Amino acid sequence: MSHDTFPSTLRDTSHGSGTPPRLDPELPVLLLRTNHNFLHHGTLGMIRTLGRAGVPVHAILEGPANPASRSRYLHRGHPWAPPAERPSALLSHLRVIAERVGGPALLVPMDDAGAIFVAEHADALAPHFVFPQQDPGVPRLVADKSRLTAACVAHGVPCPDSRTPATAAEVDDAAGALGLPLIAKWARPWRLGPGRRSTTLVRTREHAHRLFAAALDGDREPDGGAGPLVLQRRIPPAGGDWFFHGYFDADRTCLFGGTGRKHLAHPPQAGHTVSGEWVSNPELERLAVRAVRLLGCRGLVDLDFRLDAATGDYHLLDFNPRIGAQFRLFADRQGLDLAHVLHLDQSGRRVPRARPAFGRNLLVENHYLQQSIGRPLLRAGRLRPLREADELAWYAGDDLPPFLAMGRQSVVRAVARIRTRRRG
């Protein structure tokens, strides 16, 4: 999609309810997840958007405890896989699944570790699966926060000033140079254990030192853990948080792309989209397309930016070499989204010109309500976003069981958090 197709004056609030191009039902899909996340709404979105198009969708899931396993559009769930850190075991597991599927399938990684694995083991996977052509080292390069910063500096892509301290003294130097509060990130977040956040807002030097000490402990692990710790200048949120989702073919041509703005994130100002809107932003799209091409990525991408209101510059914060969980925000006026584009391109079919639905918005219900606990957000005015969203991550009138299962799990988790706070 060319950036000049997005006039800034256009606003279209259609719901993306048109009929997307027909997909090839002879090319089944296997969704690969490597990290335990029972409430990953992006997986459910992929199951629904491709299943509704008549494509058999297979997924590696944790079992019936995962709400996505209840979807009527899931053709078959498969047992949880060995971790990507055990590539031989994971390859064997995928070969067994390929035999069950009964033919070449489109392999779609849903997290960074999966994207890295597919790129680095493409030759071994090629007899059983199809996937976008990718330079083997690129997904690891862009997913690693420390290496991404270095690559951005080398290519002239704007990014926040960062430090990677090697000693406690350098932590103090970084806090002095970057200022407090600052942002702390784990360089390799796909190696974090359950319940650990990849990005943290750090308000004190003591907090920064605690995280640095944890990074040193991780360095002693056989695989180096999730570190090193990256300390990054915090850009004030006044300019807003923005993102770009796109699909790039073998020639790194952007076949489909969209820019969005986060209205709410989880955790606030440092996490994934809870409420977002498709916004026409040609400047940001040009920057995102340039960054993807300079860094050499192909296939699906999900980039996060923050606008520095003082300078007017967009800074690249994160680069995910796979589909973003909120991809259904970018369903255009004919119903075309990134899952359709991926399937069309990999099955050799033509990808039609997009018809943007600017003003379309998406909301993730469980995280929106989670932020409401303990605060007066449940008044009628605060519930308006739920009623007015064009796309909800979980609720769908034609596929209710995942929504109900998510609700039950969310209640259980909320009760557990309340009990933990009371004991504390």
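Numbering of residues begins at 1 and proceeds along the displayed sequence. Only a predicted model underlies this, so the values are computations on that prediction, with no experimental measurement involved.
- Sequence neighbours left out, the pairs with a member in residues 254-266 that pass salt bridge (Lys or Arg N to Asp or Glu O under 4.0 Å) are Lys262-Asp304.
- Between Phe256 and Trp278, the ring-plane angle classifies as tilted under the 30° and 60° cut-offs.
- Arg328 has no carboxylate O lying under 4.0 Å from a charged side-chain N of Asp390, or vice versa, which leaves the two without a salt bridge.
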(request) Please assess Tyr73 against Asp399 for the test side chain to side chain donor-acceptor pair (under 3.5 Å), listing each intermediate value before the final yes or no. (result) CA-CA 8 Å; Tyr73 295 108; Asp399 192 30; over 6 Å; no

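- Under the 4.5 Å side-chain criterion, counting only non-hydrogen atoms from C-beta, Leu27 is not in contact with Val55.
- Between Phe403 and Tyr395, the ring center distance clears the sub-6.0 Å criterion.
- By the 4.5 Å heavy-atom criterion applied to side chains, Ile60 and Leu31 are not counted as neighbours.
- Classification of Arg298 and Asp249 as a salt-bridged pair fails, no side-chain N sitting under 4.0 Å from a carboxylate O.
- Look at Asp332 and Arg355 and you find no salt bridge, because none of the NZ, NE, NH1 or NH2 atoms lies under 4.0 Å from a carboxylate O.
- Within the 4.5 Å cutoff, side-chain heavy atoms of Pro160 are placed close to those of Leu317.
- Between the side chains of His40 and Thr43, at least one donor N or O sits under 3.5 Å from an acceptor N or O.
- Partners of Arg70 by salt bridge (Lys or Arg N to Asp or Glu O under 4.0 Å), not counting sequence neighbours: none found.
- The shortest non-hydrogen separation linking Ala393 to Arg48 is O-NH1, 3.7 Å.
- Around the CZ atom of Arg95, the shell of radius 6.0 Å holds more than 12 heavy atoms that belong to other residues, nucleotides or ligands.
- Note that CG of Asp111 is 12.5 Å distant from CD1 of Ile323, once rounded to the nearest 0.5 Å.
- Considering only heavy atoms from C-beta on, Gln134 comes within 4.5 Å of Cys297 through its side chain.
- Put simply, CG on Leu50 and NE2 on His58 are 12.0 Å apart, with the number rounded to the nearest 0.5 Å.
- For residues 19-42, the set of pairs meeting the salt bridge (Lys or Arg N to Asp or Glu O under 4.0 Å) definition, not counting sequence neighbours, comprises Arg33-Glu62.
- Taking CG from Asp241 and OG1 from Thr273, the interatomic distance works out to 8.5 Å, rounded to the nearest 0.5 Å.
- Atoms CZ and CZ, on Arg196 and Arg191 in that order, are 12.5 Å from each other to the nearest 0.5 Å.
- Phe327 approaches His245 most closely through the heavy-atom pair CA-ND1, 3.7 Å.
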(request) Let me see the working for Asp337 and His340 under side chain to side chain contact (heavy atoms under 4.5 Å, CB included), right down to the final yes or no. (result) CA-CA 5 Å; Asp337 65 19; His340 296 116; 2.9 Å; yes

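- Side-chain contact between Arg413 and Leu39 is present, with at least one heavy-atom pair separated by less than 4.5 Å.
- Contact detail for Arg333 and Pro356: the closest heavy-atom pair is NE-O, 3.3 Å.
- Side-chain contact of Tyr314 with Asp308: a donor-acceptor pair under 3.5 Å is absent, judged by distance alone.
- With sequence neighbours left out, the side chain to side chain donor-acceptor pair (under 3.5 Å) criterion links His155 to no other residue.
- The cationic group of Arg306 does not satisfy the cation-pi geometry with Trp242, failing either the under 6.0 Å distance to the six-membered ring centre or the 45° limit from the ring axis.
- In this structure, His367 and His272 have tilted ring planes: the angle between them lies in the 30° to 60° band.
- Ile183 is not listed as a side-chain neighbour of Val202, based on a closest heavy-atom distance of 4.5 Å or more.
- For Glu365 (side chain) and Leu392 (main-chain N/O), no donor-acceptor pair under 3.5 Å exists by modelled atom type.
- Here the CG atom belonging to Asp135 is positioned 10.5 Å from the CG atom belonging to Leu141, to the nearest 0.5 angstrom.
- Using modelled atom types, one finds no donor on one side chain facing an acceptor on the other under 3.5 Å when comparing Glu285 with Thr259.
- Remark: Arg52 engages Asp398 in a salt bridge (Lys or Arg N to Asp or Glu O under 4.0 Å) (not counting sequence neighbours).
- Summarising the geometry, atom NE2 belonging to His343 is positioned 9.5 Å from atom CE belonging to Met46; distances are rounded to the nearest 0.5 Å.
- Counting heavy atoms from C-beta on, the side chains of Leu342 and Leu300 come closer than 4.5 Å.
- In this structure, Leu61 and Ala68 approach most closely via the heavy-atom pair CD1-C, 4.3 Å.
- With salt bridges taken as basic N to acidic carboxylate O contacts below 4.0 Å, none links Arg360 and Glu277.
- Sorted by first then second residue, the salt bridge (Lys or Arg N to Asp or Glu O under 4.0 Å) pairs that include residues 317-326, not counting sequence neighbours, are Asp112-Arg322, Lys145-Asp318, Lys185-Asp318, Asp302-Arg322.
- Annotation: side chain of Trp190 is in contact with side chain of Arg188 (closest heavy-atom distance under 4.5 Å).
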